[in-house]
Protein chains: 2
Amino acid sequence: MKKATLKDIAKAAGVSVATVSYVLNDAPNQTIPDETRSRVLDEAKRLNYVPNLNARSLVMQKSGLIGILINRPASGGSWSRLRHAPFVDGLERLLTERGYHVVLSSLDAANPKLDIISERKLDGVFVVDAKKESFHLISSRFSEGVPLIAVDGLIDDPLFYKLNYDYEDAFAKLSASFGPEQSYLIAENVNNAELAASIAQSSGVPAERVHVMENEARLHAFLSGNADRTGIVLGEFAAAVACNYADPAKLAVICTAGCPEIVPAAAVRIAFGSRKAEAAFELMLRLLRDPRSGPSDQYVRVKTVND
Amino acid sequence: MKKATLKDIAKAAGVSVATVSYVLNDAPNQTIPDETRSRVLDEAKRLNYVPNLNARSLVMQKSGLIGILINRPASGGSWSRLRHAPFVDGLERLLTERGYHVVLSSLDAANPKLDIISERKLDGVFVVDAKKESFHLISSRFSEGVPLIAVDGLIDDPLFYKLNYDYEDAFAKLSASFGPEQSYLIAENVNNAELAASIAQSSGVPAERVHVMENEARLHAFLSGNADRTGIVLGEFAAAVACNYADPAKLAVICTAGCPEIVPAAAVRIAFGSRKAEAAFELMLRLLRDPRSGPSDQYVRVKTVND
DNA sequence: TTGAAAGCGCTAACAC
DNA sequence: GTGTTAGCGCTTTCAA
C-alpha cells in the first residue's frame, strides 16, 4: 500500500483533483455541495490520505516550519549544554500545539550555517545566544520578510526582534539582601558579548568579582577566594554546581531556565519561570500574522515572576 | 533581490538547467568539462544560489529530515521536562553536523499526532519515551522502509529498533555498597510501562520501596519514611531535588542525562555519559544506509561509562 | 558533453 | 459546482 495522493482520491470519488483540494482545505470561496464533500472526505479517510507538505510548501513558497537555531558553546559543562533546554522544550511544545513543525539546528559560532532558513523556506526563525557576527550574516542575506527573533542576544539590527530577560529587574529585587557592593556574581558563559557586558554592568557588581562560568576548577578557585561573601548566581545549573563549593545559604540564584527545584532549598531563589518561551511564542505568532506588528523598538524584556 | 533558481543560473551561464543540476550535485555519471563547471559554479555563487529543498524532497521522495518525536509528560516538575534534554541536544548536534535537518515534535501521549512522518517524508524517526499504543499506531501505518528507533521504551514490534540503557548493568555495579535488600529506589516517571516494570524488576528493590517520581510533596513523604536507608536515584535531576530531603552521602545516583555535575558531590555517582545520543546516531546512520543492517534482535543496550 | 522534457504532489486562476 | 491546467523548483531519463 503506497501513499495516496490527491489524484487517487479524485479518481476514487469521481471528481477532479481541484475539487478534492478544495474540500480538504475548506477553500474559502468555493461552494461545494455536501454530497460531494462527504464523498471526498470518505475516500480520503478510506485511503489514509496524508498530504505531502513538501509539495504544498513548494507551491505556497512557505513551509509551516519554524526554526530554532542555537549557538552552542563548543565546550563547557552540562550547565552550558542545559542552559537553553527548557526554553527550547517549552517553545517547541507551544509551536507544535499550534500546528507548526519545528526544526532545531545547532549553529557553530565559528561557522554558522544559516542556509537552512532559505533551503527549507522557514516561516519564522528564532536565533538563540548568537554572536553579533552571526546575526549580521543572517540579515545580510534577508531582505525578505521572514520574522526573525533574537533570543538572549543584544543586537543592533532592525531585522531582528530581540527577546531578553530583564536582568536589571532581577538584580534590583535582590539588592536589599545581596547588595552588589559586598557580593560576587557568577555569570553564565553566553556567546553574545553585548549581552554579557550588559548583564555584568546592570548587576552593579565590580568587575573583579564577576566570574564567568567556564569550568569547575576555575569556579572552585573563585569561590574559595570569596568564601566570606554572599553571591549571586545566574542560572540554576551553574548554581547546582556552585553549591558544591559554596554555602547555599549565602547564595541567591536567578533561575533563568525555569527549574528552581534543581537548586538547594537553602539558597534564595528568584525566577523567570517559563515566560521566555511564552513571550517568544506570542511574539512569533503576532509577526507571522503581520511581519511588522511587533513592539516598535523591537525589544521584549521578560520580567521575573512575582509571587 | 529574490531567490535565484536553477533556471536563473542556467540562463546566466548559458547552459540548461540539467547541466546546472549536474554540476551542483556532482552528478556521478556525467562528464562535465571544467570550463562549463566553473562557469556554472561562478554564477551560482554570484547569484547567492540556495537550493530549494522542498522541491528536491518532492522529486526525491525523501527529505533529508530526521524526526525526534518525544512523548512528554503532561505534568511533572522540571526533572521530567529536563529528562531528555541532553539526549536531544546531543543527538541533534550529531545529526546537524552530518548534514541532516532535525525536526522536533512533542507527542501528546493521549493523542499522538504522527502524521508528520509521512507529511514531511522524514528519512528516519526517533520515538522517545512512548507508550506501547503510540508505537503500534506508528507501525500500523508504515509498511514503508523508514528507519524507526524507539528510545527509552520496550516494545514488541519488529518495525522498531530499540535503544535503552542497560539498567541491569548499572544496578549490578552498585549492588556491593547499595544492596537492593536494604535500599530504596527513586525511579523516573517514564511513559513506557514496560520499561518502568523492567527497571523496577532489575533493580531488585522490593516493590514497596520503589518510589516513582511524581511531585515534590510525595517524594518528601517517601524520603522521610526511609531516612535511615541508603537509596538509589535514577536521573540526576530527580537526585538534585531528592538531596533537599535526604542526605546525599546515603545516595547513589545513576546519571541518565549526562550531567553528573548537577548532583551534590557527596553522593555516589554512576554515569551513562552521552552514550545514548551517540548510539542513537550511529544506529540511525547505519539504518539510513541499509534499512536492515541493525542488530538482528533489534535491541541496543547502552552501558555505563567505566572509569 | 549537453539539453528537452516528463514528472514529483499540490494550489489556484480561469474556463465551462 | 466542477474540471482543466499552468506552474512551484528540482532530478533524471533519453535523445541529440
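Lettering of chains follows the sequences in order, A, B, ..., and the numbering in each one begins at 1.
Note on B:Ile32: only backbone sugar-phosphate atoms sit closer than 4.0 angstrom, heavy atoms only; bases stay farther off. Within the nucleic acid shown, A:Ser57 has no heavy atom closer than 4.0 Å to any nucleic acid atom. At the heavy-atom level, B:Thr5 lies under 4.0 Å from the strands shown only through sugar-phosphate atoms.
Put simply, CG on A:Asn52 is 16 Å from P on D:dC10, counting in whole angstrom units. Rounded to whole angstrom, the span from the CZ atom of B:Arg56 across to the C1' atom of D:dT12 amounts to 13 Å. Whole-Å rounding puts the B:Leu24 CG to D:dC10 C1' distance at 11 Å. Atom CG of B:Leu58 is separated from atom P of D:dG7 by 17 Å (rounded to the nearest Å). B:Asp8 has its CG atom 8 Å from the P atom of D:dG9, to the nearest Å. Taking atom CG on B:Asn25 and atom P on D:dG9, their separation rounds to 17 Å, with Å as the unit. A straight line from CG of A:Asn54 to C1' of D:dT11 spans 14 Å, rounded to a whole angstrom.
Defined by atom type and a distance below 3.5 Å, a donor-acceptor pair is present between the side-chain atoms of B:Asn25 and B:Ser21. Using modelled atom types and a 3.5 Å distance limit, the side chains of A:Asp129 and A:Asn191 yield a donor-acceptor pair. Between the side chains of B:Arg286 and B:Ser293, no donor-acceptor pair is found at a separation under 3.5 Å.
In this structure, A:Lys162 does not pair ionically with A:Glu194, as no charged nitrogen and carboxylate oxygen lie closer than 4.0 Å. A salt bridge does not link A:Arg46 to A:Asp8: none of the charged nitrogens lies less than 4.0 Å from a carboxylate oxygen. Between B:Glu35 and B:Arg39 there is a salt bridge, since at least one side-chain N of the basic residue sits less than 4.0 Å from a carboxylate O of the acidic one. Using a cut-off of 4.0 Å between Lys/Arg side-chain N and Asp/Glu carboxylate O, A:Asp152 and A:Arg83 are scored as not salt-bridged. A salt bridge does not link A:Arg275 with A:Glu278: none of the charged nitrogens is closer than 4.0 Å to a carboxylate oxygen.
Applying the ring pair (Phe, Tyr, Trp, His ring centres under 6.0 Å) test to pairs two or more places apart or on separate chains, those with a residue in residues 95-139 of chain B are B:Phe135-B:Phe160.
The footprint of chain B on DNA chain C, defined by a heavy-atom cutoff below 4.0 Å, extends from C:dT1 to C:dG9.
Distance from the side chain of B:Met60 is smallest to D:dT12 among D:dT12, D:dT2, D:dG9.
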Under 3.5 Å between N/O atoms: give me all the protein pairs with nucleotides 3-6 of chain D, atom names plus distance.
unit_1, atom_1, unit_2, atom_2, d
D:dG3, OP2, A:Ser16, N, 2.6
D:dG3, OP2, A:Ser16, OG, 3.3
D:dG3, OP2, A:Thr19, OG1, 2.9
D:dG3, O6, A:Tyr22, OH, 3.1

